[in-house]
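Down below is the structure, laid out as structure tokens.
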Number of protein chains: 2
Amino acid sequence: METEYETRPREAIARILRAEPRFFSAAELCARLDESGTPVSRATVYRTLERLAAKGEAALRLNDRGEATFMFCDSGHHHHAICRSCGRVEDVACGALDSFVDRLRSLHGFQLDDHSLEFHGKCRSCV
Amino acid sequence: METEYETRPREAIARILRAEPRFFSAAELCARLDESGTPVSRATVYRTLERLAAKGEAALRLNDRGEATFMFCDSGHHHHAICRSCGRVEDVACGALDSFVDRLRSLHGFQLDDHSLEFHGKCRSCV
DNA sequence: AAGGATTTTGAGACTCTGTCTCAAAATCAG
DNA sequence: CTGATTTTGAGACAGAGTCTCAAAATCCTT
């Protein structure tokens, strides 16, 4: 049986993720954890993030340097608008895009079954 | 003055990229170059790809492992449908998506100025 | 076709992200 | 409190990408 333990490292990580709607890299989290007086090893940070992503509680995103970043995130299908300046993330319902996707479902013989969409710009506070 | 030289490494890389409409990682290119008898150092492969991307002749894409990959690509704004199996890429005009994007342009105070969209599925030969 | 100014290349050291191992520590149930 | 189980941390390791600098290639001029 694999029971799940509630541990200080996991709670510290969750606390940071809960505080801001934006993506954090593992390195960023390590730094924050050090600052806040509850240091957590890199290995544990990676394991915890991977676990959250697997359970669908966190979204995984590769930033433009190819680093894995994570944020707490509703699990349903939707997209993100990401602020170039502060990283703030706003959810965007897939909605109208669906009809576009449907029309493309069979494209040049392709059978499309998934898509990823991201918006970029500046949030209210950063304009 | 910075003149541009035509060199064997650059031509060998271009030849490989031209041959297939799909994204290649630097490592893949190095391997291909070795096989084809014109080995090129990693540094040069990276420099050449970066140069092509800067000139807008190649598209840069991070694969799901965060590795940079490149392909020859028309420079206008469009999107890609990527085959899960063989990597074949088909261009997708942005078209209908524009109206969706326009409607979102101002979202919760966000000023959206860019988006990225990718489709995934199986190409004709891989279905 | 030879010389020389300029650009490009390659080998390898280096950094950084992410993975893995395994003994030690923490968690929890009884 | 004890013991079975899960989790953690330190550090070794792997792989992508960057950087340096001397040597080689390119091209222009004559």
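Here is how names work: the chains are called A, B, and so on, in the same order as the sequence lines, proteins then strands, and each is numbered from 1. Scope of the values below: all heavy atoms of this structure, side chains included, with no hydrogens, waters or symmetry mates.
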Residues touching DNA chain C, which here means a heavy atom under 4.0 Å, drawn from residues 15-27 of chain A: none
Neighbours of DNA chain C within residues 58-68 of chain A, by heavy-atom distance under 4.0 Å: E67(A), A68(A)
R84(A) CZ: over 12 foreign heavy atoms closer than 6.0 Å: yes
Contact list for residues 108-127 of chain A, test ring-ring contact (aromatic ring centres under 6.0 Å, His included), sequence neighbours left out: H77(A)-H115(A), H79(A)-H115(A)
Salt bridge (charged side-chain N to carboxylate O under 4.0 Å, His left out) partners of E35(B), counting only residues at least two apart: none
Protein-nucleotide distance (E50(B), atom CD; dT8(C), atom C1'), rounded to Å: 14 Å
Nonpolar side-chain network containing V45(B), other nodes, edges under 4.5 Å: I13(B), I16(B), L17(B), F24(B), L29(B), L33(B), V40(B), L49(B), L52(B), L60(B), F70(B), F72(B)
L29(A) CG - dT8(D) P separation (whole Å): 14 Å
Heavy-atom donor-acceptor pair, T69(B) side chain to R61(B) backbone, under 3.5 Å: yes
Please list, for nucleotides 27-30 of chain D, all pairs of protein and nucleotide N/O atoms separated by less than 3.5 Å.
{"unit_1": "dC27(D)", "atom_1": "OP1", "unit_2": "E6(B)", "atom_2": "N", "d": "3.2"}

Pair listing, side-chain hydrogen bond (donor to acceptor under 3.5 Å, both in side chains) test, anchored in residues 10-19 of chain B, at least two apart: none
Which residue lies more 5' along DNA chain D, comparing R10(A) with R8(B) via nearest heavy atoms: R10(A)
N/O donor-acceptor pair under 3.5 Å between D74(A) side chain and G76(A) backbone: no
Evaluation steps, side-chain contact (heavy atoms from CB on, under 4.5 Å), between R8(B) and T38(B): CA-CA 8 Å; R8(B) 201 158 37 110; T38(B) 50; 4.3 Å; yes
Partner set under ring pair (Phe, Tyr, Trp, His ring centres under 6.0 Å) for F23(A), not counting sequence neighbours: H80(A)
Within-4.5 Å side-chain heavy-atom neighbours: C30(A) and R42(A): yes
ring-ring contact (aromatic ring centres under 6.0 Å, His included) pairs, two or more places apart, involving residues 26-68 of chain B: none
Side chain S41(A), main chain T44(A), donor-acceptor under 3.5 Å: yes
Test: R22(A) and E28(A) ion pair at under 4.0 Å: yes
Between the first and last five pairs of the helix from dA1(C)-dT30(D) to dG30(C)-dC1(D), the angle of the axes, rounded to 10 degrees: 30°
CZ (R51(B)) with more than 12 external heavy atoms under 6.0 Å: yes
Residues clustering with Y5(B) (ILVMFWY side chains joined when closer than 4.5 Å, directly or via others): none
Over all atoms of both residues, closest heavy-atom pair of V127(B) and K122(B): CG2-O, 3.9 Å
Nearest-Å distance for atom pair CD/C1', residues E11(B) and dT9(C): 15 Å
Sub-3.5 Å pairs of nitrogen or oxygen atoms, protein against nucleotides 9-13 of chain D:
{"unit_1": "dG9(D)", "atom_1": "OP2", "unit_2": "S41(A)", "atom_2": "N", "d": "3.1"}
{"unit_1": "dG9(D)", "atom_1": "OP2", "unit_2": "S41(A)", "atom_2": "OG", "d": "3.2"}
{"unit_1": "dG9(D)", "atom_1": "OP2", "unit_2": "T44(A)", "atom_2": "OG1", "d": "3.0"}
{"unit_1": "dG9(D)", "atom_1": "N7", "unit_2": "R47(A)", "atom_2": "NH2", "d": "3.0"}
{"unit_1": "dG9(D)", "atom_1": "O6", "unit_2": "R47(A)", "atom_2": "NH1", "d": "3.4"}

Separation of dG15(D) P from E28(B) CD (nearest whole Å): 16 Å
Under 4.0 angstrom between Y46(B) side-chain N/O and dG17(D) OP1 or OP2: yes
